[in-house]
Amino acid sequence: MMKNQLPEELMAGSSESPYGICTVVFSENKIYTLAFCEYEIFEKEYKNYFSGICLKTDNELSDKIIYSIFYEKREFEIELIGTEFQKNVWHELMKIPAGKTSTYKEIAININKPEAVRAVGNAVGANPVSFLVPCHRVLRSDGAMGGYRWGLAVKRLLLDVENIKL
DNA sequence: ATAAAGGCCACCC
DNA sequence: GGGTGGCCTTTAT
């Protein structure tokens, strides 16, 4: 994992979303992480990802940002930190419009590594900005739902809200 | 350096 | 439906 471009200090906090409690990490103008779990869990899962970075918890600001994202649908800039391969995959995810789906295989083809389907699965799973980088829109080639970092119930709900039938 | 583990896929039965 | 081998990247020994 690459962690060079990270600033020295970021803000973080948890709040309720329509899909359950979630945690954000953000700076003045960018989102670094959006995870569907409470802060304590997040801290453990991402302690490596943010190692050496001071995360200042600010729940009031986090509330506002999470509200903005899910209810006001405000657009935020996103800062994606990862390997080149991962960023390629994540950029592909952002091309999938709401209400549409893709497959792990299709993404592998689009990034010009048609054999790397399994690696794509890993990269999709490592997406640090859930929801805004719509990793939930990726299904298996056979139509099955595949997995979801934060539990299949959340993935199902996200798809359902976008009117995506399985 | 090497091994092991994946949010998979294609193929077989 | 279920099992198996192959593929490629990342992470952990």
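Throughout, a chain's letter reflects where its sequence line sits, starting with A, and its residues are numbered from 1.
- Listed pair A:Ser141 / B:dC8 fails the phosphate criterion, with no side-chain N or O lying under 4.0 Å from OP1 or OP2.
- Atom-to-atom, CZ of A:Arg140 to P of C:dG1 comes out at 10 Å; the value is rounded to the nearest Å.
- If you measure from atom CG of A:Asn48 to atom C1' of C:dT11, you get 9 Å, rounded to the nearest angstrom.
- Minimum atom distance to the side chain of A:Val117 is reached by B:dC9, of the listed B:dG7, C:dT10, B:dC9.
- Side-chain contact between A:Thr33 and A:Phe42 is present, with at least one heavy-atom pair separated by less than 4.5 Å.
- Closest to the side chain of A:Asn122, from the set C:dC7, B:dG7, B:dC9, is B:dG7.
- Under the Watson-Crick or G-U wobble criterion, with both distances below 3.5 Å, C:dT11 is paired with B:dA3.
- Rounded to an integer number of Å, the gap from A:Asn112 CG to C:dC8 P is 13 Å.
- Defined by atom type and a distance below 3.5 Å, a donor-acceptor pair is missing between the side-chain atoms of A:Ser15 and A:Ser62.
- Between A:Ala116 and A:Ala126, it is A:Ala116 whose nearest contact on DNA chain C lies nearer the 5' terminus.
- Both A:Ala119 and A:Leu139 lie close to DNA chain B; mapped to their nearest nucleotides by heavy-atom distance, the more 5′-ward contact belongs to A:Ala119.
- A:Tyr148 comes within 4.0 angstrom of a nucleotide base, judged by non-hydrogen atoms across all strands.
- The partner of C:dG2, taking Watson-Crick or G-U wobble pairs whose two distances both stay under 3.5 Å, is B:dC12.
- No donor-acceptor contact under 3.5 Å links the side chain of A:Arg149 to the base of B:dG7.
- Separating the NZ atom of A:Lys105 from the P atom of C:dC8 is a distance of 11 Å, rounded to the nearest angstrom.
- Across the protein-nucleic acid pair, A:Gln86 atom CD and B:dG7 atom C1' stand 14 Å apart, rounded to whole Å.
- Ring geometry for A:Tyr49 versus A:Tyr46: interplanar angle over 60°, hence perpendicular rather than tilted (30 to 60°).
- Salt bridge annotation for A:Glu162-A:Lys100: absent, with no cationic side-chain nitrogen under 4.0 angstrom from a carboxylate oxygen.
- If you measure from atom CG of A:Asp142 to atom P of B:dG7, you get 16 Å, rounded to the nearest angstrom.
- Counting to the nearest Å, the C1' atom of C:dC7 and the CD1 atom of A:Ile109 are 14 Å from each other.
- Nucleotide B:dG6 holds its C1' atom 12 Å from the CZ atom of A:Phe85, rounded to whole Å.
- A:Leu159 contributes atom CG, which lies 10.0 Å from atom CG of A:Leu152 (distance to the nearest 0.5 angstrom).
- Across all strands, A:Lys113 comes closer than 4.0 Å only to sugar-phosphate atoms, never to a base (heavy-atom distances).
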